[in-house]
Amino acid sequence: MTKRVKEILTLLDEEYTTEYKCYLNYETPWQLLIATILSAQCTDERVNIVTKDLFQKYTTLEAFAKADLKELERDIHSTGFYHNKAKNIIACTKTLLEKYNGQVPQSIEELTKLAGVGRKTANVIRGNIFHEPSIVVDTHVKRISKRLGLAKEENPDKIEFELMKVLPKEHWILYNIQIIAFGRSICFARSPKCKECFLKGYCIEYKRKQGKK
DNA sequence: CTCCCGATAT
DNA sequence: ATATCAGGAG
């Protein structure tokens with residue numbers, strides 16, 4: 001690990017001292033899987049509002065697998081993209097029951113074969129359920145990793161591999177949590193609060209903007 | 001590269 | 001009324 005990366009990680013650790021915790025509420029592995037499918041293009045807060053009722057109504061994997069499509073669409077409506085998500089949840093839970101004995105698989109390959117599960121969702125499962133070092137590249141991680149010069153690619157899958165090369169494994173899971181906190185409070189997509197940013201000294205974007213003045 | 005979509009802030 | 005939020009599939 002380079003000195004630069006080490007300093008960035010140290011500053012993140014100092015700023016975000018809280019225990020590692022997933023922002024999505026869940027009790028079982030399959031609940032996290034469904035919550036994460038719902039979280040596509042939707043805030044975690046919104047997903048938690050929906051899953052609070054959803055997991056009380058559908059208490060088992062079987063209940064989701066044989067859910068009525070239209071009814072499930074209504075139940076998850078406020079998370080957006082509800083046609084796709086409802087269809088995916090039913091297909092996904094059916095696969096879980098038919099092929100995996102009701103268990104959530106562990107490998108990226110198997111996870112990403114599930115309906116509605118891409119690399120981001122698969123890595124959320126691997127990190128939280130199986131405690132496998134994995135880097136979740138969501139919109140915050142993508143934007144901020146680029147600004148910090150830790151990644152250059154556009155494709156999230158490629159960024160994941162760039163980050164795997166540059167970040168030590170012990171930080172992989174935590175990195176996503178810290179970056180999300182950072183992205184939601186300081187490093188916004190449009191108008192980041194650079195003046196009060198504790199990482200501006202490491203920011204490519206900030207230097208570029210300074211150079212223009 | 002396009003389509004899928006609602007909620008909240010401004 | 002419009003901008004912003006924030007992944008996966010075909």
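Note that the structure is a prediction, hence the values are computed from the model and not measured. These numbers come from the heavy atoms of this one structure, side chains and all, not from hydrogens, waters or symmetry mates.
Regarding A:Arg184, its CZ atom lies at a distance of 18 Å from the P atom of C:dT4, rounded to whole Å. Counting to the nearest Å, the P atom of B:dC5 and the CG atom of A:Leu38 are 14 Å from each other. When rounded to the nearest whole Å, the span between CZ of A:Arg190 and P of B:dT10 equals 15 Å. In this structure, A:Leu111 places its CG atom 12 Å from P of C:dG8, rounding to the nearest Å. Note: NZ (A:Lys87) to C1' (B:dC3) measures 12 Å, nearest angstrom. Rounded to whole Å, atom P of C:dG8 lies 11 Å from atom CG of A:Leu33. Between A:Glu160 atom CD and C:dG8 atom P the separation is 11 Å, expressed in whole Å. Atom P of nucleotide C:dG7 and atom CG of A:Asn88 are separated by 15 Å, given to the nearest angstrom.
For A:Thr17 (side chain) and A:Glu14 (main-chain N/O), no donor-acceptor pair under 3.5 Å exists by modelled atom type. Distance alone, capped at 3.5 Å, places no donor-acceptor pair between the A:Arg184 side chain and the A:His140 backbone. Looking at A:Arg126, its side chain does come within 3.5 Å of a backbone N or O of A:Gln106 through a donor-acceptor pair. Without hydrogens or angle criteria, A:Lys200 side chain to A:Lys195 main chain gives a donor-acceptor distance under 3.5 Å. Using modelled atom types, one side-chain atom of A:Asn48 and one backbone atom of A:Tyr23 make a donor-acceptor pair closer than 3.5 Å.
Residue A:Arg119 has no polar side-chain atom (N or O) positioned under 4.0 Å from OP1 or OP2 of C:dG8.
Using C1' as the reference atom, B:dC5 and C:dT4 are 14 Å apart when rounded to the nearest Å. Nucleotides C:dA6 and B:dT10 place their P atoms 14 Å apart, quoted to the nearest Å.
Minimum interatomic distance between A:Cys42 and A:Val47 (heavy atoms only, all atoms of both residues): SG-CG2, 4.0 Å.
For A:Thr43, taking side-chain heavy atoms from C-beta onward, the closest of the listed nucleotides C:dC5, C:dG7, B:dA7 is C:dC5. For A:Arg46, the side-chain atoms get nearest to B:dT8 when compared with the rest of B:dT8, C:dG8, C:dC5.
For residues 70-83 of chain A, proximity to DNA chain B is found at A:His77, A:Ser78, A:Gly80, A:Phe81, A:Tyr82, A:His83, defined as any non-hydrogen atom under 4.0 angstrom from a strand atom. Within residues 138-146 of chain A, the residues that have a heavy atom under 4.0 Å from DNA chain C are, in order of number, A:Asp138, A:Thr139, A:His140.
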task = Show your working on salt bridge (Lys or Arg N to Asp or Glu O under 4.0 Å) between A:Glu154 and A:Lys146 and close with a plain yes or no.
result = CA-CA 9 Å; A:Glu154 267 305 303; A:Lys146 285 167 72 81; 2.9 Å; yes
request  = Start with the C-alpha gap between A:Arg4 and A:Glu7, add the side-chain angles, then the distance that decides, and say whether salt bridge (Lys or Arg N to Asp or Glu O under 4.0 Å) holds.
outcome  = CA-CA 5 Å; A:Arg4 199 184 121 76; A:Glu7 287 168 4; over 6 Å; no
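By the rule that hydrophobic residues join a cluster once side-chain heavy atoms approach within less than 4.5 Å of another member, A:Leu24 and A:Leu61 end up as members of one cluster.
Along DNA chain B, the nucleotide nearest to A:Ile49 and the one nearest to A:Gln41 differ in position, and the one closer to the 5' end is contacted by A:Gln41.
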